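Please read the structure below before turning to the comments.
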There are 2 protein chains.
Amino acid sequence: MDTPVDPRTARSRDAILAAAHTLLVREGPASVTHQRVAHEAGVGRATVYRHWQRADHLLLAAMSGSDLPFFRSPTSPVRPWLHQELRKLADELTLPAVAAVTLTLMQTALWDPDAATRRNHSSAAVTTRITTALDLAQETGELTTVLPSEDAAALLIGPMLYRTAMEAGTVSDMLISHLLDSVGTWRD
Amino acid sequence: MDTPVDPRTARSRDAILAAAHTLLVREGPASVTHQRVAHEAGVGRATVYRHWQRADHLLLAAMSGSDLPFFRSPTSPVRPWLHQELRKLADELTLPAVAAVTLTLMQTALWDPDAATRRNHSSAAVTTRITTALDLAQETGELTTVLPSEDAAALLIGPMLYRTAMEAGTVSDMLISHLLDSVGTWRD
């Protein structure tokens with residue numbers, strides 16, 4: 001990837017990324033080829049090659065969401081805040097665009113070290129944020145738990161991922177309440 | 001897909017499927033092209049086209065595991081049996097081949113109706129089997145729960161999927177115990 005200086009170069013780069021993202025969401029990762037992206041972005045194929053020599057690197061760049069807008073800045077009491085954050089995440093996961101990016105990242109990470117690094121960065125950030133929130137709840141006596149903090153993200157998010165991506169279903173507020181109960185005992 | 005009558009046709013079909021599966025596991029779904037599969041299987045490209053005109057249909061056929069060997073025939077007491085089944089599944093999910101097939105199926109299902117049908121069939125089978133096991137545990141008084149039975153698979157398997165596919169980690173027996181506790185109260 002280059003560091004654009006010419007504004008036209010920056011514009012074509014943005015147009016290519018937007019086109020790649022559109023194709024990913026609309027038709028899946030196999031559609032993110034140099035030819036299709038060039039056509040969708042309205043630029044020449046050579047321009048796409050100049051920015052990204054490999055289609056899989058372009059696909060990776062087109063997966064947005066490098067900083068996830070979830071689980072930031074917890075407030076006390078933690079349970080209603082965490083319920084709300086999980087609700088937001090569950091609703092996002094049912095959007096085709098978010099499901100596409102998430103599953104493509106997880107799948108690409110099996111073979112591509114760059115994708116694996118992004119996946120690891122993403123999951124580590126989520127774990128840190130959830131741990132911070134549960135620590136706050138424990139400090140204020142709102143939550144009692146013996147759960148290792150590194151397991152909380154899997155317990156809270158895993159079932160939502162399975163429900164949306166494997167069962168093609170939606171996450172009820174009752175299920176979210178149940179997930180919260182699964183990480184410990186909350187004081188009313 | 002054709003119905004093979006000639007044994008040579010059946011042999012080339014099997015060789016193509018095996019080659020496609022090998023490529024999927026070793027290099028990812030993007031490697032399952034007519035050309036690569038023909039080379040790997042030691043057959044001509046025209047032979048691959050004769051069996052599968054579309055590479056994505058071949059990929060789908062190459063994803064094995066149409067009948068998952070998990071959660072069948074529960075025994076009482078259910079908890080140790082279920083723990084053992086979850087252990088087996090967790091160990092399978094850490095294998096690159098199984099992770100590749102699972103994530104490719106979930107991802108392909110976002111765009112491909114055939115893949116969506118297979119994914120739905122797979123998750124419905126798992127839900128039915130887990131429900132059968134938990135019903136048995138409730139009938140014998142081993143388990144008390146108010147959980148809707150359709151949520152059990154997400155609660156039991158979702159965290160294992162997240163741990164292996166998103167966190168690239170392994171599932172401890174302690175986490176499995178915690179998952180079992182999350183579906184209800186078990187009698188000792």
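We name chains A, B, ... by the order of the sequence lines, and we start the count at 1 in each one. Because the structure is a prediction, the values reported are computed rather than measured.
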Path from Tyr49(A) to Leu23(A) over hydrophobic side-chain contacts below 4.5 Å: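 The answer is no; the residues belong to distinct hydrophobic clusters.
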Output the option from Ser172(B), Gly169(B), Ala165(B), Ala124(B) having the highest count of non-hydrogen pairs under 4.5 Å with chain A. Ala165(B)
Could you tell me which of Asn120(B), Thr108(B), Leu161(B), Leu175(B) has the largest number of non-hydrogen atom pairs under 4.5 Å with chain A? Leu175(B)
Distance (rounded to the nearest 0.5 Å) between [X] [atom1] and [Y] [atom2]:
X: Asp181(B); Y: Asp181(A); atom1: CG; atom2: CG; value: 13.0 Å
X: Ile157(B); Y: Arg163(A); atom1: CD1; atom2: CZ; value: 11.5 Å
X: Met166(A); Y: Met106(B); atom1: CE; atom2: CE; value: 6.5 Å
X: His178(B); Y: Ser182(A); atom1: NE2; atom2: OG; value: 5.5 Å

Can you tell me if Gln53(A) has over 12 outside heavy atoms packed within less than 6.0 Å of its CD?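 12 or below, so no.
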His83(B), NE2 atom: more than 12 neighbouring heavy atoms under 6.0 Å: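 For His83(B), atom NE2 is crowded (more than 12 foreign heavy atoms under 6.0 Å).
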Which bit of [X] is near chain B, if near means a heavy-atom gap under 4.5 Å: side chain, backbone, both or neither?
X: Met160(A); answer: neither
X: Leu155(A); answer: both
X: Thr127(A); answer: side chain

Among Met174(A), Glu27(A), Arg26(A), Glu167(A), single out the residue with the greatest number of heavy-atom pairs under 4.5 Å to chain B. Glu27(A)
Chain B contacts: which residues in residues 135-154 of chain A have a non-hydrogen atom closer than 4.5 Å to it?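 If one takes a 4.5 Å heavy-atom cut-off, the residues of residues 135-154 of chain A near chain B are Leu147(A), Pro148(A), Glu150(A), Asp151(A), Ala153(A), Ala154(A).
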For Leu156(A) and Tyr162(B), run side chain to side chain contact (heavy atoms under 4.5 Å, CB included): C-alpha distance rounded to whole Å, both residues' side-chain angles, the deciding distance at 0.1 Å, then the answer. CA-CA 10 Å; Leu156(A) 291 171; Tyr162(B) 188 89; over 6 Å; no
Exercise: identify the closest heavy-atom pair between Trp111(A) and Thr104(B):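 Of all heavy-atom pairs spanning Trp111(A) and Thr104(B), the closest is CH2-OG1, 4.3 Å.
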